[in-house]
2 protein chains.
Amino acid sequence: MVNILNLLKALTDETRLRIINLFIKSGENLCVCELMDALKLPQYTVSKALAVLRSANLLSTEKEGTWVYYKLNKNKPEYKKLFSFLKSYLNLDVFLEDEIRLNERLLLRENNKCVIGIIPEKNLLKLIKQKTKVS
Amino acid sequence: MVNILNLLKALTDETRLRIINLFIKSGENLCVCELMDALKLPQYTVSKALAVLRSANLLSTEKEGTWVYYKLNKNKPEYKKLFSFLKSYLNLDVFLEDEIRLNERLLLRENNKCVIGIIPEKNLLKLIKQKTKVS
DNA sequence: TATTTGCATGCAAAATTTTGCATATATTAT
DNA sequence: ATAATATATGCAAAATTTTGCATGCAAATA
């Protein structure tokens, strides 16, 4: 049984909401470095936010080598109404900008797997420019 | 447009959730003294919680003499999904106990208006005992 | 006009949460 | 084995929120 107060607490934070938004909108499993680039936040901030969401049972993880993929627990029936509610309210500009950066970052995947780790923004932007020029 | 973070912040507090629960479950407009008795909390705690919920536009007020009736803004279309979500999660024991005490307190209304103000718990229980004996 | 009553609110202390750094862990590559 | 890389986390300072008291205000009543 879900305690609604703990559930709301886990969501009541801008970083954590931005993360949830990315999972809802993208439908993808995402690793920490991809979220870092989409959110433009340091690694420890992203990891800590993910830990809170995970301990609220909103996310779960799958490890692949050194990479950790987080995914939204969207099939838990107790969260159906929650996600439906969130979906209709996650419409701030911040969220949209995150989504755009995430889509760019996801272009760098290979076989739908993250192959770029934590790199300086400058290098990231260069890689993205290359990718988008090719297509 | 509703900012979801502010909305969640307003709800992320036990007292405020208990109040929202009472409005959702009872369907009534309620005044501060009635909420005090249902929640067993001091007047300033209840008033402050109500102020937060009001400034998040979840509640609004109607003044009648010295009494102030609060009511849930349940018809605002932007809150439809929120209330539907909340309804399905507001099932903790605390909430149920509040509902029971509220129902007793509401027995003391006359013409569906609050006529008892802020009274010591002892006196309240006596009044309720009388009412329930009669019926 | 003075008092009572229902409710609101300013303020400081206490409690909680967030932030940032440093460092730890685990897996891969050399 | 060593180094490098992706992620996690302990801890203290900073920021935010809650709590409790005291007091304020407005409407009703004496």
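Keep in mind that this is a model prediction, so the values were computed, not measured. Each chain gets a letter, A, B and so on, in the order its sequence line appears, and its residues count up from 1.
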Practice problem: Evaluate the criterion salt bridge (charged side-chain N to carboxylate O under 4.0 Å, His left out) for residue pair A/Glu34 and A/Arg109; output intermediate values, then yes/no. | Solution: CA-CA 10 Å; A/Glu34 290 171 331; A/Arg109 282 191 174 185; 2.7 Å; yes

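Rounded to an integer number of Å, the gap from CG of B/Leu35 to C1' of C/dG6 is 13 Å. Remark: P of D/dT16 and CG of B/Leu8 are 18 Å apart, rounded to the nearest angstrom. Counting to the nearest Å, the P atom of C/dC7 and the CG atom of B/Leu53 are 16 Å from each other. The interatomic distance linking A/Trp67 (CH2) with C/dA29 (P) rounds to 9 Å, in whole Å. Rounded to a whole Å, the CG atom of B/Leu59 is 15 Å from the C1' atom of C/dA8. Following rounding to the nearest Å, B/Glu14 (CD) and D/dT17 (C1') show an atom-to-atom distance of 15 Å. The nearest whole Å value for the distance from the CD1 atom in B/Ile19 to the C1' atom in D/dT18 is 14 Å. We find that CG of A/Asn6 is positioned 10 Å from P of C/dT17, with the value rounded to whole Å.
Between B/Leu17 and B/Leu11, the shortest heavy-atom distance links the atoms CG-O, 3.2 Å.
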Expected rows: protein N/O vs nucleotides 8-14 of chain D N/O, under 3.5 Å:
{"residue": "D/dA8", "atom": "OP1", "partner": "A/Tyr70", "partner atom": "OH", "Å": "2.5"}
{"residue": "D/dA8", "atom": "OP2", "partner": "A/Ser47", "partner atom": "OG", "Å": "2.9"}
{"residue": "D/dA8", "atom": "OP2", "partner": "A/Tyr70", "partner atom": "OH", "Å": "3.3"}
{"residue": "D/dA8", "atom": "N7", "partner": "A/Gln43", "partner atom": "NE2", "Å": "2.7"}
{"residue": "D/dA8", "atom": "N6", "partner": "A/Gln43", "partner atom": "OE1", "Å": "3.1"}
{"residue": "D/dG10", "atom": "O6", "partner": "A/Lys48", "partner atom": "NZ", "Å": "2.7"}
{"residue": "D/dC11", "atom": "N4", "partner": "A/Lys48", "partner atom": "NZ", "Å": "3.3"}

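Looking only at side-chain heavy atoms (C-beta outward), B/Tyr70 and B/Val32 come within less than 4.5 Å of each other. Within the 4.5 Å cutoff, side-chain heavy atoms of B/Ile20 are placed close to those of B/Leu86.
Of the two residues near DNA chain C, A/Thr66 and A/Arg16, the one whose nearest nucleotide lies more 5' is A/Arg16.
Taking CG from A/Leu124 and CG from A/Asp37, the interatomic distance works out to 4.5 Å, rounded to the nearest 0.5 Å.
Between B/Lys40 and B/Glu121 there is a salt bridge, since a side-chain N of the basic residue sits under 4.0 Å from a carboxylate O of the acidic one. In this structure, A/Glu64 pairs ionically with A/Lys113, as a charged nitrogen and a carboxylate oxygen lie closer than 4.0 Å.
Heavy atoms from other residues, nucleotides or ligands lying under 6.0 Å from CG of A/Asp93 number 12 at most.
With D/dT18, D/dT7, C/dT5 as the choices, the nucleotide that has an atom nearest any side-chain atom of B/Asp13 turns out to be D/dT18.
With no hydrogens or angles considered, no side-chain donor-acceptor pair links B/Arg54 and B/Ser60 at under 3.5 Å.
Annotation: proximity of residues 106-121 of chain B to DNA chain C (heavy atom, distance under 4.0 Å) is found for B/Gly117, B/Ile118, numbered in ascending order.
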